[in-house]
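Take a look at the structure set out below.
Note: hydrogens, waters and symmetry copies are ignored here, and every other heavy atom, side chains too, is used.
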Amino acid sequence: MNIHEYQGKSILKSFGVAIQNGYVAETPEAAHEVAVKLAEETGTGWFVVKAQIHAGGRGKGTVTETGSHGVVLAKGLEEVKGKAAGILGGHLVTAQTNATGKQVNKVLIAEDVYGPGDSEPKEIYMSVLLDRANGRNIVMYSPQGGMDIEAVAEETPELIFKESIDPTLGLQGFQARRIAFNLGLSGKAFKEMTKFVNSLYDAYVGSDATMFEINPVLKTADDRVIAVDSKVSLDGNALYRHSDYAAMRDTTEEDSTEVEADEAGLNYVKLDGNVGCMVNGAGLAMATMDIIKLSGGDPANFLDVGGTADAARVEKAFRIILKDPAVKAILVNIFGGIVRCDRVAQGVVDAYRNMGNIDVPIIVRLQGTNAEEAKRLIDESGLEVKSAILLKEAAEAVAEVLA
């Protein structure tokens, strides 16, 4: 589950990570009010107004309605309201959104942390995530942080460092010190960074996150180390342990069809193809998408109905798949282990009749318990549904309807 920057910062702060202070607002008037509050608390005179959407590249992104960037600087309280108005309600287009962009419903009003001091501010990239190749968490970091970290990785990969964490030991003190050393820090900033890294790793583990990305981590002019940004993904399977984090979910940032499927207990991910898939089991779903590709089509979705493929569940799955206008055919691929194939077949027939006329071809492949009875039930239903027992037959039927 992805969350907003301000929410990610609240998690970081709860684990002792130093952050850039700020408040969220949903209207230009509220933005000015929280800026006044922030000025009183921190003494800041300038304010950073940051669009809150689930996408990166906000600083370079553009709000289509106003031409404003997604991250702007207000040089005084009198500018905050206008800067917020240029972002709120608009659609922010970044390198990580589609051409329409995402509507901005909230802005974060944050303190200016680039003030004067005895040294130059330094922007650093840092993230914590799982390295699936070796089954360990890693801290990935670079002394060249900021908006162009992708260019750094491509042009100067030697400036991207990785620290692999032993899962039985956790992050060790010498590793935190090595990170600070590789970042070229010394003195107070060195100590601040080691503390920052330890707290950041604690936040990653303690919140059951799948990723913490902070770009930039800022070494300020007075040698403090703080999180100026935060991009956080939480493990949805662990949210039962974190009811407060579960409440952070913003469904307006998600695909509406995926939200509907989730509420119905279906595992659904929209893709860009033309053949809808309805399968029970994630592994079988992956194999089904492969067979669709081999047959000349492209999967339009991943949809796992689970082990209770009754008529109501099948009908809901059909309705969700058919919301995608790109779908030209539907392949239902069910293995009857716990669930009997004839019950699934009856569910398909009942769902088809309840929904009325379905104007795309449907291929149903059922294998396992009572597979032959299921095929006979579908064949004798009088509906425009093609049945198959072998996966090869299903693939040939898909190729035929797409020809």
Side-chain angles (χ1 to χ4, degrees), residues 1-28 30-31 33-35 37-38 41-42 47-59 61 70-72 80 84 87-92 94 96-97 101-111 113 125-130 145 196 199-218 225-256 258-259 262:
M1 182 182 82
N2 295 324
I3 58 177
H4 290 294
E5 174 193 354
Y6 75 93
Q7 296 168 323
K9 283 181 174 176
S10 71
I11 294 176
L12 289 170
K13 187 175 182 179
S14 70
F15 283 90
V17 179
I19 65 168
Q20 176 191 35
N21 294 305
Y23 294 102
V24 72
E26 298 183 9
T27 66
E33 291 175 6
V34 298
K37 180 180 180 181
L38 189 62
E41 293 176 348
T42 66
F47 307 86
V48 186
V49 183
K50 311 177 80 174
Q52 298 297 284
I53 62 169
H54 290 177
R58 292 169 296 163
V71 178
V72 295
V80 172
I87 298 175
L88 282 166
H91 290 79
L92 180 58
T94 79
Q96 296 184 17
T97 69
K102 289 193 171 184
Q103 182 169 324
V104 183
N105 299 313
K106 299 176 182 179
V107 290
L108 175 64
I109 309 301
E111 64 176 327
V113 289
Y125 172 87
M126 188 169 293
S127 62
V128 187
L129 66 161
L130 173 65
F196 183 94
S199 297
L200 174 62
Y201 190 76
D202 288 345
Y204 171 81
V205 175
S207 63
D208 287 308
T210 57
M211 182 189 72
F212 265 95
E213 181 181 62
I214 305 176
N215 187 28
V217 175
L218 181 68
V225 175
I226 61 175
V228 175
D229 190 20
S230 74
K231 183 177 181 181
V232 178
S233 294
L234 302 173
D235 186 348
N237 294 314
L239 289 177
Y240 71 93
R241 289 199 288 255
H242 307 282
S243 59
D244 51 340
Y245 297 165
M248 293 180 177
R249 182 182 182 187
D250 185 352
T251 56
T252 65
E253 290 285 327
E254 303 175 27
D255 181 90
S256 59
E258 292 183 8
V259 173
D262 182 61

- Task: Step by step, work out the side chain to side chain donor-acceptor pair (under 3.5 Å) result for E5 and Q52.
- Result: CA-CA 7 Å; E5 174 193 354; Q52 298 297 284; 3.2 Å; yes

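- Counting all heavy atoms, side chain and backbone alike, A84 lies closest to A31 at CB-CB, 3.7 Å.
- With sequence neighbours left out, the side-chain contact (heavy atoms from CB on, under 4.5 Å) criterion links V71 to V48, K50, R58.
- For the side-chain contact (heavy atoms from CB on, under 4.5 Å) test, residues two or more places apart in sequence or in another chain that qualify with Q96 are A55, T94, K231.
- Pairing each heavy atom of Q7 with each of I3, the nearest pair is OE1-CB, 3.3 Å.
- Between V225 and V217 the shortest side-chain heavy-atom distance falls below 4.5 Å.
- With sequence neighbours excluded, no residue forms a salt bridge (Lys or Arg N to Asp or Glu O under 4.0 Å) with E26.
- Of all non-hydrogen atoms in R249 and D262, the two that sit nearest each other are NH1-OD2, 3.1 Å.
- V24 places none of its side-chain heavy atoms less than 4.5 Å from the side chain of V107.
- Here I226 contributes atom CD1 and L218 contributes atom CG; the two are 5.5 Å apart, rounded to the nearest 0.5 Å.
- The shortest distance between side-chain heavy atoms of T210 and L129 does not fall below 4.5 Å.
- Atom NZ of K9 and atom OG of S14 lie 14.5 Å apart (nearest 0.5 Å).
- Between the OG atom of S207 and the CG atom of L234 there is a distance of 5.5 Å, given to the nearest 0.5 Å.
- Here the shortest heavy-atom pairing between A203 and L12 reads CB-CD2, 4.2 Å.
- Not counting sequence neighbours, the partners of Y6 by the ring pair (Phe, Tyr, Trp, His ring centres under 6.0 Å) test are H4.
- Within the model, atoms CG of L92 and OG1 of T97 stand 6.5 Å from one another, a figure rounded to the nearest 0.5 Å.
- With sequence neighbours excluded, no residue satisfies side chain to side chain donor-acceptor pair (under 3.5 Å) with E258.
- Between the side chains of T42 and N21, no donor-acceptor pair of N or O atoms lies under 3.5 Å.
- In this view, E253 and K102 satisfy the salt bridge (Lys or Arg N to Asp or Glu O under 4.0 Å) rule, not counting sequence neighbours.
- Of the N and O atoms on the side chains of S199 and Y201, not one donor lies less than 3.5 Å from an acceptor on the other residue.
- By the 4.5 Å heavy-atom criterion applied to side chains, V232 and N2 are not counted as neighbours.
- Not a single side chain to side chain donor-acceptor pair (under 3.5 Å) links H54 to another residue, sequence neighbours left out.
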- Message: As a quick check of understanding, evaluate side chain to side chain donor-acceptor pair (under 3.5 Å) for Y23 and E111, giving each step before the final call.
- Response: CA-CA 9 Å; Y23 294 102; E111 64 176 327; over 6 Å; no

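- Under the ring pair (Phe, Tyr, Trp, His ring centres under 6.0 Å) criterion, Y245 pairs with H242, not counting sequence neighbours.
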- Task: With side chain to side chain donor-acceptor pair (under 3.5 Å) as the test, would you mind laying out the steps for N105 and Q103 before giving the verdict?
- Result: CA-CA 6 Å; N105 299 313; Q103 182 169 324; 3.2 Å; yes

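- Taking OG of S230 as the reference point, atom CD1 of I11 lies at 8.0 Å (rounded to 0.5 Å).
- Nearest approach of A110 to L38, heavy atoms of both residues: C-CD2, 3.5 Å.
- Judged as a side-chain contact (heavy atoms from CB on, under 4.5 Å), and not counting sequence neighbours, the contacts of V72 are V49, S68, H69, K83, I87.
- Listed by chain and residue number, nothing satisfies the side-chain contact (heavy atoms from CB on, under 4.5 Å) test with E33 (two or more places apart in sequence, or in another chain).
- Between M248 and S10, some side-chain heavy-atom pair lies under the 4.5 Å cut-off.
- Using a 4.5 Å cut-off on side-chain heavy atoms (C-beta onward), F196 and M126 make contact.
- Listed by first then second residue, pairs satisfying salt bridge (charged side-chain N to carboxylate O under 4.0 Å, His left out) with a partner in residues 233-247 read D208-R241, not counting sequence neighbours.
- For T252, the side chain to side chain donor-acceptor pair (under 3.5 Å) test picks out D250, with sequence neighbours left out.
- Contact annotation: the side chain of V34 never approaches that of F47 to less than 4.5 Å [non-hydrogen atoms, C-beta and beyond].
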